[in-house]
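One structure below.
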2 protein chains.
Amino acid sequence: MRNLCDHIARLQAGGNRSFGRSPLAAWARFVTLGDMIRTVVLYALALAAGAFALQWLQYNYLVRTFPVEIYIALIAVAFAGLGVWAGLRLARRPAPETFERNTAAIASLGITQREQQVLELLASGKSNKEIAHKLGVSPNTVKTQVASLYQKLEVQRRTQAVQKARELALIP
Amino acid sequence: MRNLCDHIARLQAGGNRSFGRSPLAAWARFVTLGDMIRTVVLYALALAAGAFALQWLQYNYLVRTFPVEIYIALIAVAFAGLGVWAGLRLARRPAPETFERNTAAIASLGITQREQQVLELLASGKSNKEIAHKLGVSPNTVKTQVASLYQKLEVQRRTQAVQKARELALIP
DNA sequence: TACGATTTGGTCCTTTCGGGTGATGGAAAA
DNA sequence: TTTTCCATCACCCGAAAGGACCAAATCGTA
């Protein structure tokens, strides 16, 4: 149940420390549904407005004055610009600095809440004694919990534990 | 000379661990000039090809068969699609996983090359003995260098050293 | 050449860490 | 109700790490 090798492949897919290779993949993973819908609606509205304006211009002024090529060029430029804007907006990552804890990994490794707290303090460079003081428990307890963490993470030293926890997105 | 507090403000600006807020800023910082030129040229070629195709269609078939509104819609859709593609391409970050060592911080803290090597191995979870074996020196030497690192980083434990080095972008 | 920085190595001592074992009380599940 | 899991604490022992010294060899530069 606690075999790391069996889990890593699945778990790492859950972490968000690895960014997608294509912008579309990145967008699909990070943009919320509401954000997507808003963007699409905005783009549709802009298209409609543009089309309306073009219709109006067509029947009232432009076609009687300029050759059709200029008309075509204007449409092309306008919609290309709209497309670029929409593309940039779609590709924008909403919150680059957020960190989502890989709860799937935590659950799968059987790491308890208390052990999570200990892990965070451990990763921030605290000693067992400091962690014990901060959590209001005995240093011996912290030792036990740290040892349990080592077992579950399959490491021998605290620097290795920090390294592995960061890889698995257990801590920021 | 080794006062951390005096340096952190300046040094942290040199690290690249903070990503730009707007996609354009991110693009400007990460996309190379060559990449930009290639994208622009590709887009221009696509525009030219589209315009040529439209001209051909206009004088040979479409305008004699369909009303002008359909023609306009086709142009709009085509160029909007082109724009979206170009926008996505422009917004794509070329190498999301790159890490630039904060050499300014390293120099300012007076961290030597050998100490950098030791720091990386230390951060990867190795013990002093393992580091000594990997570098082909005595464990005592590694102890001295690690102690020197602690002084320069103003920390007491190796987990703190890892933490601080990561903050200052001294290591990935 | 002399000086300073770097790299290397050492000793002695204390503290911290890591592994192992065992035990207790409470809460949740079987 | 019994069992299991979690959190807590204790003890021992050895290994690792850390502090405080010292001191060579090397190398670039003033």
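Residue numbers start from 1 in every chain, and the chains themselves are labelled A, B, ... in the order their sequence lines are given, proteins ahead of strands. All values below were derived from every heavy atom in this structure, side-chain atoms included, with hydrogens, water molecules and symmetry-related copies excluded.
Within the model, atoms CG of Asn102(B) and CD1 of Ile171(B) stand 12.0 Å from one another, a figure rounded to the nearest 0.5 Å. For the atom pair NZ (Lys134(A)) and OG (Ser124(A)), the distance works out to 7.0 Å, reported to the nearest 0.5 Å. Atom-to-atom distance recorded for Glu154(B):CD and Leu109(B):CG is 8.5 Å, nearest 0.5 angstrom. Taking CG of Leu119(A) as the reference point, atom NZ of Lys164(A) lies at 13.0 Å (rounded to 0.5 Å).
Rounded to an integer number of Å, the gap from Gln160(A) CD to dA15(D) P is 18 Å. Ile106(A) places its CD1 atom 14 Å from the P atom of dC6(D), with the value rounded to the nearest Å. Between the P atom of dT8(D) and the CD atom of Gln113(A) lies a distance of 11 Å, rounded to the nearest Å. dA16(D) atom C1' lies 12 Å from atom CD1 of Ile131(B), rounded to whole Å.
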Take nucleotides 8-24 of chain C nucleotide by nucleotide from the 5' end and write B, S or -, depending on whether a protein heavy atom sits under 4.0 Å from the base, only from the sugar-phosphate, or from neither. BBBB----SSBB-----
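With the end axes of the helix from dT1(C)-dA30(D) to dA30(C)-dT1(D) each set by five pairs, the angle from one to the other reads 50° at 10° resolution.
A distance-only check finds a donor-acceptor pair linking the side chain of Lys152(B) to the backbone of Gly110(B) [under 3.5 Å]. Looking only at distances, no side-chain donor or acceptor of Lys143(B) sits under 3.5 Å from a matching main-chain atom of Asn128(B).
Contact detail for Val162(A) and Ala123(A): the closest heavy-atom pair is CG2-CA, 3.6 Å. Here the shortest heavy-atom pairing between Thr159(A) and Thr159(B) reads CG2-CG2, 4.1 Å. The shortest non-hydrogen separation linking Tyr150(B) to Arg158(B) is OH-CB, 3.2 Å.
For dT7(C), one of the phosphate oxygens OP1 or OP2 lies less than 4.0 angstrom from a side-chain nitrogen or oxygen of Thr112(B).
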Go through the steps to decide whether Lys126(A) and Glu120(A) satisfy the test salt bridge (charged side-chain N to carboxylate O under 4.0 Å, His left out), and finish with yes or no. CA-CA 9 Å; Lys126(A) 302 249 184 314; Glu120(A) 284 198 20; over 6 Å; no
Under the side-chain hydrogen bond (donor to acceptor under 3.5 Å, both in side chains) rule, what do Ser148(A) and Glu115(A) come out as? Steps first, then yes or no, please. CA-CA 8 Å; Ser148(A) 172; Glu115(A) 284 165 354; 2.7 Å; yes
Could you pull out the protein-nucleic contacts involving nucleotides 26-30 of chain D (nitrogen or oxygen on both sides, under 3.5 Å)?
none

